[in-house]
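Data first, discussion second: the structure below is written as C-alpha cells.
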2 protein chains.
Amino acid sequence: MIIAMFELRHLAALDAIATEGTFGRAATRLGYTQSTLSQQIAALERAVGGPVFDRPGGPRPARITPLGRVVLEHARTMLAAADAAGEDIARFHAGGGRVDVGTFQTVTNVLLPPVVAALRSDHPDCDIRLVEDETETPTLAGLDLMFFDGPGAPDLDRVRLLADEHVLVAPRAMFRASRVAVDRLDGVPMIGLPPICDQRRVEDQLADLGVRPRFVFRTADNQAVVSMVRGGLGCAVLPLLATGSARSDDQVTLHRLRPALPPREVYLLWQGTLSPLAARLRDLSVAAARDLTSSGACRL
Amino acid sequence: MIIAMFELRHLAALDAIATEGTFGRAATRLGYTQSTLSQQIAALERAVGGPVFDRPGGPRPARITPLGRVVLEHARTMLAAADAAGEDIARFHAGGGRVDVGTFQTVTNVLLPPVVAALRSDHPDCDIRLVEDETETPTLAGLDLMFFDGPGAPDLDRVRLLADEHVLVAPRAMFRASRVAVDRLDGVPMIGLPPICDQRRVEDQLADLGVRPRFVFRTADNQAVVSMVRGGLGCAVLPLLATGSARSDDQVTLHRLRPALPPREVYLLWQGTLSPLAARLRDLSVAAARDLTSSGACRL
DNA sequence: GGCGATGATCATACAAACCGATCATTTCCA
DNA sequence: TGGAAATGATCGGTTTGTATGATCATCGCC
C-alpha cells in the first residue's frame with residue numbers, strides 16, 4: 001500500500017460521512033453530490049489499501065471499519081490543523097499576527113510608543129515583540145523590521161525615517177554661546193555611549209577634525225549619559241532625540257556644534273515581502289518620523 | 001481569501017523548498033520537476049491569498065515570507081500527522097494496532113491464553129484489550145470481537161467455536177455413579193453463577209424438567225463455585241470448561257447428567273469488516289477451539 | 001409486492017497536475 | 001565587459017483526476 005496518497009478533501013469526506021452516517025447527508029453538508037462522495041471514498045480506500053466503510057446495502061447507513069477508524073483519527077487531527085491554518089491566515093491578512101522588531105533606545109522611547117498604540121488599537125490581539133540588540137553589525141535574522149542608524153546592507157529594503165542633529169550637552173557653567181566650536185572639545189572630559197554605531201561615527205568625525213575628547217565614563221543608557229552631564233562629570237555629544245526630554249535648564253545646556261557634525265540618520269530596514277501588520281508598522285513609523293521632523297524635534 | 005483550498009502536496013512542496021532552499025533541489029527530493037513545484041507553489045499562493053516565497057531572481061535562493069511562515073508552521077503539523085497516519089496504516093495492514101475483545105471467564109482462562117501468546121509473538125507491539133462484561137444482553141459497541149455463549153443478534157457475523165458439555169460438580173460423598181439423573185437434583189443445595197446467560201438457560205431447562213434445586217450461594221467467579229462445592233456447601237451444574245482444571249479427586253466428583261442438558265455453545269461475534277489483527281485473533285480462536293474440542297476437553 | 005432510501009456505476013465535461021522546453025533575470029568569474 | 005551558470009516563471013500538450021446527472025442494484029419496511 002502506497003504512502004499518504006490521500007488528499008484533505010478525502011479526509012473531510014471521511015469525517016463528514018462518519019459524523020452524518022450516510023453518504024448523501026454528508027454530501028449535502030459538504031456541497032457535493034452523493035456520487036462525488038462515493039468516488040472520493042473510493043479514492044481514499046485505494047490510497048489506504050482497504051475499505052474504510054462497510055456498506056450494508058439497502059437503507060442501512062454506512063458503518064466505519066477498523067481501518068476507517070485508524071484513518072479517521074489522524075484525519076481529524078489534520079482537518080483541525082487545516083482549520084487552524086485557515087484562521088491564522090485570515091488573521092494574518094486582517095493585519096493581526098506577530099511582528100518582531102529590532103529597535104534601539106531612541107526609537108523605543110520617542111518613535112514607537114504612538115506607533116504601537118495605533119497598532120494595538122486596531123488589532124488588540126496582535127503580537128508585537130521588540131528586541132533591543134545594539135551591536136556593531138546587527139542582523140535581520142528572526143526580525144521582520146529593524147530600526148538602525150544607517151542604511152544597512154545593500155541587499156535590504158529600507159526607508160529613511162529622519163535625520164537627528166548631533167548636539168553638545170554640557171554642564172551649565174561650561175559653555176556660554178548657543179553654538180560651540182568643535183575644537184573646544186579637545187581634551188574636555190566627556191561622557192559617551194559605547195563606541196559603536198553612531199557614537200563611533202561621532203568619535204571618528206571628531207578625530208578627523210583633530211579633536212580628542214577625554215572619555216571619563218561610558219554607559220549604554222542615553223538617560224544615564226545626560227544624568228552624568230547633569231552631575232558635572234563632563235559633557236556629551238548626542239543625537240538630539242537621544243537626550244530625551246532634556247533641555248537647557250539650571251544644570252545643563254544644549255548647544256549646536258560648529259561645524260555641525262553629520263546628523264544621525266535613522267533607517268527602517270527589512271527584507272522582502274512584509275506582513276500586513278509589519279507594513280502597517282512601517283507606514284506608521286514613517287508617519288511618526290515625519291511628524292517628529294516637521295515638529296522640529298530633530299533640530300535644536 | 002478562500003478557506004483552506006490547499007492540498008497536502010502543496011504543503012509538502014512548501015516544506016521541501018523551505019528546507020532545501022531552492023525549488024530545483026526540493027523538486028529533486030520530491031521526485032517532481034522544478035516546473036511542477038513552481039506551479040504547486042503558485043496554486044498554494046492562490047489558496048492562501050499571497051506569496052509564500054520571495055524570489056530574488058537570479059541564482060539567489062528563495063526566501064520564505066511572513067505569510068509563508070504562518071502556513072509552514074501548520075503545514076508541518078499536518079505533514080507530521082500524515083506521516084503518522086501512514087505509519088499507523090502500515091502497522092494496521094501488517095497486523096498490528098489495537099483490538100478490543102469482549103470475553104468471559106471461561107474463554108479468558110481456557111481459550112485466549114495461547115491465542116494472545118501467538119498474536120503477541122507475531123506483533124510484540126500490538127494492543128490487545130480484553131473486556132469482561134457478562135451481562136444479559138451484551139453489546140458490540142466499542143468492540144471488534146465478542147465471545148458470547150450464544151449466536152447473538154441476527155445482523156451480526158459469527159462463528160461457532162465449541163459446544164461445552166454441562167456437568168454436575170458435587171462433593172465427593174454425594175453421588176456415586178458417573179451419570180446422575182437430573183431429577184435427583186430437585187431440592188438439592190446448589191452453588192450457582194448469577195442467573196444470566198448460560199446459567200439462566202440451565203436453570204430454565206432444569207425447571208422444565210421439574211427440577212428445582214435450592215441455591216444456597218451465587219458468585220460470578222467460576223473458580224469460587226468449584227471451591228464452594230469442594231467445601232461441601234452444595235453441588236453445581238457448570239459447563240465443563242468453566243470448572244477449570246478441576247477433576248474428580250478426593251473432595252469433588254464430576255458427573256454427566258441424564259438426560260444431558262444442551263451444551264453451552266460458545267460463539268465469536270463481530271460486525272462487518274475486521275482488521276487483520278482481529279481476523280487473525282478470530283482464526284486463532286477457531287483453531288484453538290477446534291483443538292479443545294478434538295482433545296476432548298469439552299466432554300467429560 | 002411495491003415504495004423509498006441507500007450507495008455503486010457510467011458517461012461526460014471540465015479542471016488540474018505534470019512534464020519538457022524555453023525564457024528572463026541575476027550573480028559570478030574570466 | 002561579456003559570457004557561463006543558476007535561479008524561477010511561463011507555455012503547450014498530455015495525462016490524470018474531479019464533479020455531475022442519470023441510472024442501477026440492494027435491502028428494509030409498510
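In the text below, chain A, chain B and the rest are named by the order of the sequence lines, each starting its count at 1. Note that these values count all heavy atoms, side chains included, but never hydrogens, waters or copies made by symmetry.
Rounding to the nearest 0.5 Å places CZ of B:R76 at 4.5 Å from CG of B:D15. Separation of atoms CZ (A:R63) and CZ (A:F53) is listed at 11.0 Å; rounding is to 0.5 Å.
Under 4.0 Å is where a charged nitrogen must lie from a carboxylate oxygen, and between B:R98 and A:E73 no such pair does. Using a 4.0 Å cut-off between a side-chain N of Lys or Arg and a carboxylate O of Asp or Glu, B:D144 and A:R69 qualify as a salt bridge. Between B:R91 and B:D88 there is a salt bridge, with a side-chain nitrogen of the basic residue lying less than 4.0 Å from a carboxylate oxygen of the acidic one.
Counting non-hydrogen atoms under 4.0 angstrom, A:Q40 reaches the backbone sugars and phosphates but no base.
Judged by distance alone, the side chains of A:D54 and B:T273 do bring a donor and an acceptor atom under 3.5 Å apart. There is a side-chain donor-acceptor pair under 3.5 Å between B:T36 and B:T33.
The side chain of B:R60 places an N or O atom within less than 4.0 Å of a non-bridging phosphate oxygen (OP1 or OP2) of C:dT27.
Mapped onto DNA chain D by nearest heavy atom, A:P59 and A:Q39 fall at different nucleotides, with A:Q39 at the one closer to the 5' end. Of the two residues contacting DNA chain D, namely A:A43 and B:A62, the nearest-nucleotide position lying further toward the 5' end is that of B:A62.
No side-chain donor-acceptor contact under 3.5 Å links B:R158 to the backbone of B:L268.
Counting to the nearest Å, the C1' atom of C:dA5 and the CZ atom of A:R55 are 16 Å from each other. As a whole-Å value, the separation of B:F23 CZ from C:dT25 C1' is 15 Å. Rounded to an integer number of Å, the gap from B:L44 CG to C:dA17 C1' is 15 Å. We find that CD1 of A:I41 is positioned 12 Å from C1' of C:dG7, with the value rounded to whole Å.
Near DNA chain C, meaning a heavy atom under 4.0 Å away, the residues from residues 26-37 of chain B are B:G31, B:Y32, B:T33, B:S35, B:T36.
For CZ of A:R200, the number of neighbouring non-hydrogen atoms (other residues, nucleotides, ligands) closer than 6.0 Å is 12 at most.
Once you apply a 4.0 Å limit to the heavy atoms of chain A, the touched nucleotides of DNA chain D run 5' to 3' over D:dT18 to D:dG28.
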